[in-house]
Amino acid sequence: MRNHAVRVVTGTGRIPLLAVLATGGTIASSRDTNGAASPSLGAADLLAMLPPMAADLRPQEVLAKDSASLTLADMQRISDAVAAQLADPGIAGVIALHGTDAMEETALLVQLQHAPRKPVVFTGAQFASDHPRSDGARNLADAVRAALQPPGQGGVVLAFGGRLLPVWGLYKFASDAPDAFRRVAEEGPSVTRPLPAPVDGLRVDIVATHPGSDGLHLEASLAAGARGIVISALGSGNATPELVAAIARARAQGVVVVVSSRVPEGLLSPIYGGGGGGHDMRRAGAIHARLLRPGQARILLAAMLANGCPEAEIARAFETAPEAATA
């Protein structure tokens with residue numbers, strides 16, 4: 001496949017070579033005769049939309065999926081593709097084109113597994129390529145500019161909606177706005193060492209709660225063979241006495257349970273009792289996620305389980321502020 005190259009000489013006398021990995025998502029989508037958008041554009045098609053830029057771009061097709069359909073094995077495949085490009089001494093940085101429904105999850109997996117020193121930038125789109133408000137080309141151009149910058153502190157970032165965001169604590173907060181992502185807090189990660197073991201083959205589930213929910217869905221995850229479970233709880237991490245009892249049964253089977261929240265912002269604390277509060281969940285053996293929301297909590301838990309991390313280390317990663325974690 002022909003590279004999308006721009007013959008503009010940089011200050012070093014060389015044009016930086018960036019790898020652009022296509023994985024599907026809205027940025028690669030167009031609408032069919034029925035009006036349904038699905039991935040149909042390849043990496044070269046997307047690069048052709050860019051204005052002239054001082055970079056040589058090497059496209060690679062990895063997947064062509066909506067990110068809502070991605071399995072952990074798919075995310076691992078993307079992470080492996082990023083790692084292969086990072087290992088190439090000729091590559092100055094990597095851009096991953098990804099669907100927005102799970103972008104912050106795959107991006108976190110790449111960060112956790114590889115702790116890259118070269119720029120790695122994820123981007124995508126909220127609107128399909130043929131939508132009147134199409135934003136993919138603009139986001140891709142921003143991602144190229146970000147990948148051309150010096151690495152700085154390193155780490156995976158998101159270029160989206162005119163913003164550049166570190167991946168730790170990231171969540172999608174809008175379904176119909178170009179500026180779609182936010183961070184829970186301006187904090188660095190509590191895990192800084194690489195966790196390289198692959199996560200494919202693991203089952204880690206998210207169990208959603210509601211007022212009055214019981215332990216049925218958690219029990220179903222146990223029956224399906226989940227090695228870890230993330231609770232998408234209420235408020236600062238609360239549910240019901242029935243769910244607390246189910247958590248205790250999961251812990252008795254050696255399954256790690258992490259409690260997060262469906263509330264998008266704010267730090268979480270296990271302070272409530274009453275039989276079903278976060279304090280009761282912790283007493284039943286659950287780990288309380290201080291910052292990460294359910295999607296990213298699932299990725300961190302999967303990565304730590306895959307790497308054989310002891311439960312005490314897993315608890316520190318979720319419950320401890322980064323300053324205290326590195327002290």
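Just so you know, these numbers use all the heavy atoms, side chains as well, and skip hydrogens, waters and symmetry mates.
Cluster annotation: Leu70 is connected to Ile299 through the hydrophobic network of ILVMFWY side chains, with a link wherever side-chain heavy atoms come within less than 4.5 Å. Under a hydrophobic clustering in which Ile, Leu, Val, Met, Phe, Trp and Tyr are joined whenever their side-chain heavy atoms come within less than 4.5 Å, directly or via other members, Val255 and Ile314 fall into different clusters.
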>> Using side chain to side chain contact (heavy atoms under 4.5 Å, CB included), reason through Leu243 and Thr209 one step at a time and then give a plain yes or no.
In response: CA-CA 9 Å; Leu243 187 62; Thr209 64; 3.3 Å; yes
> Could you walk me through whether Glu105 and Lys172 pass the salt bridge (Lys or Arg N to Asp or Glu O under 4.0 Å) check?
Replying inline: CA-CA 10 Å; Glu105 296 170 45; Lys172 183 179 179 181; over 6 Å; no
> Between Thr100 and Met103, does a side chain to side chain contact (heavy atoms under 4.5 Å, CB included) hold up when you go through it step by step?
Replying inline: CA-CA 5 Å; Thr100 59; Met103 186 184 298; 4.0 Å; yes
>> Show, in sequence, the C-alpha distance, side-chain angles and deciding distance for Glu313 and Arg193, and conclude whether the salt bridge (Lys or Arg N to Asp or Glu O under 4.0 Å) test is met.
In response: CA-CA 12 Å; Glu313 184 180 0; Arg193 72 176 181 91; 3.0 Å; yes
> What do the steps show when you test Asp88 against Arg58 for salt bridge (Lys or Arg N to Asp or Glu O under 4.0 Å), and what is the final call?
Replying inline: CA-CA 12 Å; Asp88 185 339; Arg58 176 194 290 172; 3.1 Å; yes
> Can you check side chain to side chain contact (heavy atoms under 4.5 Å, CB included) on Leu97 and Leu140, steps first, answer last?
Replying inline: CA-CA 8 Å; Leu97 310 180; Leu140 177 53; 3.7 Å; yes
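A donor and an acceptor atom, one from each side chain of Asp74 and Thr71, are located under 3.5 Å apart. Judged purely by distance below 3.5 Å, without hydrogens or angles, the side chains of Ser79 and His114 pair a donor atom with an acceptor atom. For the residue pair Thr106 / His98, a side-chain donor-acceptor distance below 3.5 Å is found, with atom types taken as modelled.
Tested against Tyr171, the residues Glu265, Gln296, Arg293 include a single side chain to side chain donor-acceptor pair (under 3.5 Å) partner, Glu265. With Phe160 as the fixed residue, the ring-ring contact (aromatic ring centres under 6.0 Å, His included) test singles out one of Phe122, Phe181, Phe173: Phe181.
By the 4.0 Å N-to-carboxylate-O rule, Asp80 lies too far from Arg77 to be salt-bridged with it. Salt bridge present: Arg282 and Glu319 bring a charged side-chain N and a carboxylate O closer than 4.0 Å. Taking the charged nitrogens against the carboxylate oxygens, Arg227 and Asp205 have no contact shorter than 4.0 Å, which rules out a salt bridge. A salt bridge between Arg183 and Glu104 is absent, with no side-chain N of the basic residue lying under 4.0 Å from a carboxylate O of the acidic one.
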